[in-house]
Structure formats: C-alpha cells, structure tokens
Number of protein chains: 4
Amino acid sequence: MTRVVPDYKEIARSNILQASIKVFSKKGFHGATMNEIAKEVGVSKGTLYTYFKSKEDILNEIWVLSSQNILDLKNTYKGRDFIEVLEELYAMMVESTGLQLSFEVILISQQNEKIKKINQKSYKSKLESLKIFIQDQQDNGSVRKDLDADLLAQILTGLYTDVAAQLLIGLDNEEVHEKWIKSVKAILKQ
Amino acid sequence: MTRVVPDYKEIARSNILQASIKVFSKKGFHGATMNEIAKEVGVSKGTLYTYFKSKEDILNEIWVLSSQNILDLKNTYKGRDFIEVLEELYAMMVESTGLQLSFEVILISQQNEKIKKINQKSYKSKLESLKIFIQDQQDNGSVRKDLDADLLAQILTGLYTDVAAQLLIGLDNEEVHEKWIKSVKAILKQ
Amino acid sequence: MTRVVPDYKEIARSNILQASIKVFSKKGFHGATMNEIAKEVGVSKGTLYTYFKSKEDILNEIWVLSSQNILDLKNTYKGRDFIEVLEELYAMMVESTGLQLSFEVILISQQNEKIKKINQKSYKSKLESLKIFIQDQQDNGSVRKDLDADLLAQILTGLYTDVAAQLLIGLDNEEVHEKWIKSVKAILKQ
Amino acid sequence: MTRVVPDYKEIARSNILQASIKVFSKKGFHGATMNEIAKEVGVSKGTLYTYFKSKEDILNEIWVLSSQNILDLKNTYKGRDFIEVLEELYAMMVESTGLQLSFEVILISQQNEKIKKINQKSYKSKLESLKIFIQDQQDNGSVRKDLDADLLAQILTGLYTDVAAQLLIGLDNEEVHEKWIKSVKAILKQ
DNA sequence: AATGAATGAGAGTTCATTCAT
DNA sequence: CATGAATGAACTCTCATTCAT
C-alpha cells in the first residue's frame, strides 16, 4: 500500500473491507480469522486495527455499505422486460460470493443489534424497491394490473430467499433455476 | 446413567441428543459448548465422547433423525382445511426453538458433506410431502385443480423460508404473519 | 499433580496461588504472565482457567486470603517484650517476597473495587490489632500509659509503610533498620 | 511545533514532559499510551521518539526533573508556623495528581536502575530538607529542642508516606487527615 | 463406562516502536 | 524534523478434545 495516493486511508479501509468480504464469504464470519484477513490484504494483523476497532466492526461496516447499495430497480431496469430483470437479479444472487455471508448475518443479528437494524431496513428496502418496480411495470402493461404489487413483491422475495437456501445446501443450480422460473411464470401468468 | 436398563446405551445417546437439541436451539451450534450440553444431560463432558466422537457428530445425528421425522402431511392432516393446515405449519415453525439452528445448519453444510446431503434430502422430502398433500386436497376439491401442485409446493416453501428469515431478523411477528397469509391466499385464490 | 489426593482440587488451587504469589512478587502483577505462572506450577496455561476465571481473579483470591491472615498480635505475642515484637514484625516485612506486590495492589485498588475494599479492611484490621496489642502492653507496664494507643498504632504503622517504601527503592537495609529502631525508641521513650 | 522559537528543541521536550506528567498522573505509567501523550501534546506519535528514545525514557526524565525540584523548606517556609507548614505540605500531597505515579515509580524502580537511584536521592533530599527546616524551627523556638531533628524528620516522613497509601486505597479523606494531625501533634507535644 | 482435570492450539486484541514518506 | 501507517510480539482467554484415574 503506497501512501502517496490521496485518500489513501479510504483506499486502505476499502482494501480491508474487500479482503474481509472475500474471506468471510469463503469461511464465514466465525470461521474467518483476523490472520487470514490480514494475509489476504497483504498486511499485518495489527494494521487491521488501525482501520477497524474489531472484527465485528468490519462486518458492521460491510453490512452498512451493502445496505446502502440496494438497487433502485425502477430506475435501473426502466422499460426492461420483467422476467428478464428477474433473471438478472437471479444471476446476481447466484454469482454473489456473499450468499453464505448474507445467511450468516441473519444469525449474527440475533446478538448484534446494529446488524439487526440493518437487516430489517434492507429487507424492507428491497421489498419496497421491488414493489415500486412492479407498479411501474404494471403501468407499462408488462405485468397484469389485477395482481397486488405488494403481495407480488413479497412472494417473489420469498422465492429469492428460498433459492438462496437451495443453492447453499448444494442443490443443482440448473434444477433450482428451472423450478424458480416456472414458479415465477406461474405466479405472473395467473 | 444407570446401567440396569437394557439398551441403556441407546437411551444414553438419545438423552445426549435431546439435551443437545435444547442447547443448540438456545445458543446455536457454535455458541453451544460441550460443557453446557454435558450439564444439560447431567453427565460429564468426557461421557459425551463415549457416545459421540465429536460435537459435529452430535449435530450430524440430530440432523439425520430430524430428516427422518419429516411430516407425512397427507396422512397427518387428511381431510383438514388447507389454509388451516398451512397456519398450523406456520405456527409450528414460529414456535420452533430450532429456527436459528436450521439456518445455521445451512451454513455448516458448506463444510460438512454429510449435513449437506441431509439438507438436500430433507428439502426434497418436505417439498414432496407438501406436493402430495396439495394433490390430495385438489382431489378433495379444497384446492383448485388448475394450479400445478409441484409449483404450488415450491412457492409455499419459498414463503415459509422467507418467513423464517424475517422472524430471525426480528421483524414484527404479527406483520410477518399478516403478509404471509395474504400472500398465501392470493396464490390460492387465483 | 496426582489426582489421588482427596481435596485434590483445593491443593491444585493452592499450588496455583503459591506459584502466582511467587511470580507476582518477582515480576509484579502486570509484569507477570499467565504463561509464567503456568510454567511455575508445571501445568498448561489452560489449566489455570480451570481453577480461576482470570488473572485478576487469582490476585483477588491471593489478597482475600492474605487479608484473612492478619496477625492477632495480642495473643500471638502475649507477654513478649514490645520492641522485640516490633523487630519481629519488621523482619517479617523485610523477608516478605510480597513487599512489591503489596504496593502494586495499592495501585490496582484504583481500578478494582474488590481489592480496594480488602485493602481498606486490612489496613484497619492491622491498625486495630496493633492498638489492642499496645493496650495490652500498657496494662503490663511495658509501654507508657500516657501514650495514646490509637495514635501510637497509627504512627508505628506509618513507620512500617515508609520502611517498606525505603526498602523497595533500594535504600541500605541496615541503615533503614537503624533509623527505624531509633525512631521507634524515640517515640516510646518520651 | 513551530521552529521559529530558538531552543524550540528544548521547548518541544518540555511540552512532551508536561503532557506526559498529565497523562501519567491520570492513567499511571502503564495505563498511559504513547498515543494519548502524543494527542495531549498535539503532536504525532513518531515525534515523541524524536525527542525521547522510549516511554520509559520520558518517565526517567520526568523523575530526574522532579528530583531537582525538591522544596527547600527552610527558605520557602522561613518563619512560618510549623504545623501550618506541615498542613500545607499535606494539602500539596493530597492535591497532587501524581500520588499514584509516585507509588508506581517505586515499583518501576525494581527494574529500572536509573529510577531507583533517583528515588533514593529524592528520598534522602526530602528528608534532609525537612530536617534542616526542623532545626531552623527549633532555633526559632517553634519546635522543642529536645526532639532529635533527624528522627523527627524520619517519623514525619513516615506519616506522609502512610497518608499517601491510605488515600490511595480510598480511606476517607477527612478521617485520614484528622488522624494524621493528631499523630503529628502527639509527636510534637512530647 | 464415567469422570473431569489437563491440554494446547489458536482466537482477538493492544501498543511501544519503527521507518518510508 | 514530523508524520502516522505498519509492525509484530505479546497478551489474556476459550474450548473441543484427550486420557489417567
């Protein structure tokens, strides 16, 4: 890490966060060690504590940032085909190295009030974003108007959560996807 | 542990498993210690290792047994109102002290092939059981026949998984239930 | 440590306490490490935590025990020559490996309420014990009755504390003793 | 630190020492961190090492300086009432934020030869200063001439040391002072 | 078979000190 | 000369597992 760069500190923090995401994703939060993270960053263990006050602090920060990056579906996917967008979201989830972490954080929220609040806020934000997108699609005529946008968002979210669970327990990717797309279409068709 | 009882070995194993379920449910697998389990059984730490070769081994066994106890919905709830049965399953999940554990085990399955296999098998069994129950209900005329039982089972399972997630992150019980029942009815009504 | 001995656990605790006193006395509380203590006992680090929940817990126990061993001067030294007894107490202090520890504990009491309470209680007990002994000596005619026993005890205690300080900063033993005895005699003679 | 001032090097050193005294007094030597000292000086941690080669070096210097500032009681308090002066010294000690540090340094002297020498020198200087003051008071007739100035100084020093100890272990300020003044008067009256 | 004391590897964390900038 | 990011050794403490009894 050269210190010539302006905003060096922000970059260093970011490097640590990136490395931590990587290690957390591979080993889980509890399985990961500060040693591994340090090694991943290419830095000594002590340095981590220059930027974060604890392992949990790193996780908190990761989660805060991730909660701020919730997609504004309506604007991001404006005018796109609905199913196509859902497929894209599906792909993003599958590729996400953080699938495991996102489940672990649900557990951690039992003992970490900050994480809990973030999880709640994120869950609601995602739901809301999806709902607004659906309403937009309904206005465009891409989605039937007799379906309640709220409930549709909720049901689709359920499918996403369950897909994540299925993938994590190692069910066959293709099968999972196939059943998911069938379910989605069944819900929308009716 | 008295040795008068025949098969006391099996009983001892069973006692340990029951106690472990209790402790795992309360503290999670990682949060639980062998000390706590031993205390819960009323036995020494060393004894646990007479019956199980490791903490993970205990979890494996618990999970094997739980996978063998998947409800045969069709026969258990024969002739009952469909929504009523779904409500009952919902209640069982909410009351389940093992909500946390069931999520934790998904994570553990990443590094434990045995658990992974069990999870896969259980997931499929539950889905199948639900599907068969739905088909039965369709034969009874309680559920519309134009809905695909397979997909319906998949969608409902998704809702259950997501409800579990919502409860774990601490969303309001009543709200979660209300949105769930609305979603279920919306799916079935169509 | 053989486990055949009855009261084995008490002996083990005692061994750890003895070793800790030794190490604390040599290195001070902060300077001492659990590693050293373990090595001194001839046991692994983890074992220390079987018997005490923390390093501070060990110190607390040492201090509790030491506070319970305050000499009942009146009965212990009944009928003995006053100066001779004071000399003996002086000798005990000098030989005490805990001289350094007793000073360190004064500092630790700033952040350890339990130690603070013990220190206060011990200080008062010692003073009281000395006072009662003095009164006894006055009844025997070994000490002038016109001296207030309370104040005499206080003054002598001050001399002891200061002697400890002088010895700790490395002043010459003989000189310190000589000045101390002169002071004591001056106080009593008058 | 501006370099315009001539001798700014000496000023810088002095600033660091002042800040260190403040921090050491509040947290003790071991409790204080270089970070805190640096912050107190308003300078970076690294700068401390430009002026002092270690944390201990700072303490050494502080102690050297303090040993050079021992009150010349005879001239400072010339002609004042003896008890009044003793009271003033008492007040200075009580108000001294360095009460804790002065005890801690006694312990540090066990492993720091330089500090040890300073402590010895300081102890003797204070004693000598007190003795000379007493002799002066005896010449003025304020203190009885049949009391040996040397021993009186020693006894009074003992009382001061013990008062410090009593205050550090948290005994009640008023009580400590009351018993101290009674002891002093008892010694002088005779 | 049952015990629980002992183990020991390894965890997160702290901080005086160093040194590239 | 000043900086403060980086270091790394050392710390206390945890706990699944072992094994002498």
Side-chain angles (χ1 to χ4, degrees), chain A residues 1-5 8-9 12-13 30-38 41-58, chain B residues 1-3 8-9 12 30-39 41-58, chain C residues 1-5 8-9 12-13 30-38 41-58, chain D residues 1-3 8-9 12 30-39 41-58:
Chain A
M1 287 189 193
T2 161
R3 300 182 209 171
V4 187
V5 188
Y8 166 74
K9 240 183 129 161
R13 277 179 71 86
H30 283 110
T33 73
M34 294 302 265
N35 246 328
E36 283 175 296
I37 295 172
V41 192
V43 117
S44 82
K45 235 190 319 182
T47 299
L48 302 181
Y49 290 88
T50 305
Y51 296 94
F52 298 93
K53 68 183 217 295
S54 69
K55 190 183 171 188
E56 196 152 352
D57 191 36
I58 295 180
Chain B
M1 287 188 191
T2 162
R3 305 179 204 178
Y8 79 95
K9 225 172 138 170
H30 281 111
T33 70
M34 294 302 264
N35 244 330
E36 285 174 295
I37 295 172
K39 212 165 278 175
V41 192
V43 114
S44 81
K45 233 190 315 185
T47 301
L48 301 180
Y49 287 88
T50 305
Y51 294 95
F52 297 94
K53 68 182 222 291
S54 70
K55 189 183 172 189
E56 197 151 351
D57 192 36
I58 295 178
Chain C
M1 288 189 192
T2 161
R3 301 182 209 173
V4 188
V5 188
Y8 165 74
K9 243 183 123 160
R13 277 179 70 87
H30 283 111
T33 73
M34 293 304 264
N35 246 329
E36 281 175 298
I37 295 172
V41 192
V43 115
S44 81
K45 234 189 318 183
T47 299
L48 301 180
Y49 290 89
T50 305
Y51 295 95
F52 298 94
K53 68 184 217 295
S54 68
K55 189 182 171 188
E56 197 152 353
D57 191 37
I58 295 179
Chain D
M1 286 188 192
T2 163
R3 305 179 203 179
Y8 79 96
K9 224 172 140 171
H30 282 111
T33 70
M34 294 302 264
N35 244 329
E36 285 174 296
I37 295 172
K39 212 164 280 175
V41 192
V43 116
S44 80
K45 234 190 315 184
T47 300
L48 301 179
Y49 288 88
T50 306
Y51 294 94
F52 297 93
K53 70 183 220 292
S54 70
K55 189 181 171 189
E56 197 152 349
D57 191 36
I58 295 178

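Listed by chain and residue number, D/Thr47 satisfy the side-chain hydrogen bond (donor to acceptor under 3.5 Å, both in side chains) test with D/Ser44 (two or more places apart in sequence, or in another chain). Residues passing the side-chain hydrogen bond (donor to acceptor under 3.5 Å, both in side chains) test with B/Thr50, sequence neighbours excluded: none. With sequence neighbours excluded, the residues forming a side-chain hydrogen bond (donor to acceptor under 3.5 Å, both in side chains) with D/His30 are D/Glu104, listed by chain and number. D/Tyr49 pairs by the side chain to side chain contact (heavy atoms under 4.5 Å, CB included) definition with D/Met34, not counting sequence neighbours.
Note that CG of C/Asp57 is 13.0 Å distant from NZ of C/Lys55, once rounded to the nearest 0.5 Å. Taking CD1 from A/Ile37 and CD1 from A/Ile58, the interatomic distance works out to 5.0 Å, rounded to the nearest 0.5 Å. If you take OG1 on C/Thr33 and NZ on C/Lys45, they are separated by 8.0 Å, rounding to the nearest 0.5 Å.
Residue C/Phe52 contributes atom CZ, which lies 13 Å from atom P of E/dA5 at whole-angstrom precision. Between C/Leu48 atom CG and E/dA5 atom C1' there is a gap of 12 Å when expressed in whole angstrom units. Here the C1' atom of nucleotide F/dT17 and the OH atom of B/Tyr51 are 18 Å apart, to the nearest Å.
Shortest non-hydrogen contact noted between A/Phe52 and A/Arg13 is CE2-NH2, 3.4 Å.
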| task | Whenever both distances are under 3.5 Å in a Watson-Crick or G-U wobble pair, mark it; put DNA chain F into dot-bracket that way, with [ ] for crossing pairs and | when the partner is on another strand. | result | .||||||||||||||||||||

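Distance from the side chain of D/Ser44 is smallest to F/dT3 among E/dT7, E/dT3, F/dT3.
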| query | What string of B, S and - do you get for nucleotides 9-16 of chain F 5' to 3' if you count protein non-hydrogen atoms under 4.0 Å? | reply | -BSBBB-S

